[in-house]
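Contents: one structure, followed by commentary.
Note: hydrogens, waters and symmetry copies are ignored here, and every other heavy atom, side chains too, is used.
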Amino acid sequence: MGDEIEDAVGRSISRSAPGPREGGTLQKLDNLVQSLAGVAAYVDGLALAVDGDCRIDPGEAVAGVNQKSLAGALRGLMPVEVDAGSADFF
C-alpha cells in the first residue's frame, strides 16, 4: 500500500504544481508512509531476533489501537478492506 500512496502523490505532483501548502502536505504524507515502512522493517527485525520460546501478550497494546481494521489484523483476524474516507474507528 505504501507504494500505491507514493505513486499517487507523485502523480498528483506531476499533474499540477502544488502550492506551498499542498506540497508540504504531500511531503508529510510521503514521510509518514516512509516512517511506517521503517517501523514495519524494525518490528520485522525484532521478530527475527527474538527467541522462538518468547511469548508476549499484546492485548493491552492492541487495546490502544483505535483503527478497527488494524486492531483486528494485530489480533490475528482476517484483514478487512476499508473504503478510503470511511470511519474505521471503534
Side-chain angles (χ1 to χ4, degrees):
M1 179 189 306
D3 291 339
E4 293 174 16
I5 293 171
E6 288 188 57
D7 289 346
V9 168
R11 284 191 307 273
S12 177
I13 290 171
S14 67
R15 284 189 187 133
S16 64
R21 184 173 177 193
E22 293 84 12
T25 300
L26 291 172
Q27 285 185 334
K28 288 177 185 177
L29 179 59
D30 184 52
N31 185 37
L32 176 61
V33 168
Q34 290 181 31
S35 295
L36 290 173
V39 169
Y42 174 76
V43 171
D44 284 344
L46 288 177
L48 292 173
V50 172
D51 180 324
D53 294 329
C54 180
R55 300 279 183 226
I56 60 167
D57 179 6
E60 284 187 40
V62 172
V65 176
N66 292 330
Q67 190 180 15
K68 189 180 350 178
S69 59
L70 177 58
L74 293 171
R75 288 187 181 102
L77 303 175
M78 293 297 294
V80 176
E81 279 292 319
V82 178
D83 292 330
S86 70
D88 182 34
F89 298 97
F90 293 124

Separation between CD (Q67) and CG (L74), nearest 0.5 Å, reads 9.5 Å
Can you tell me if N31 and Q27 form a side-chain donor-acceptor pair at under 3.5 Å? no
Do L32 and L36 come close enough that some side-chain heavy atom pair is under 4.5 Å? yes
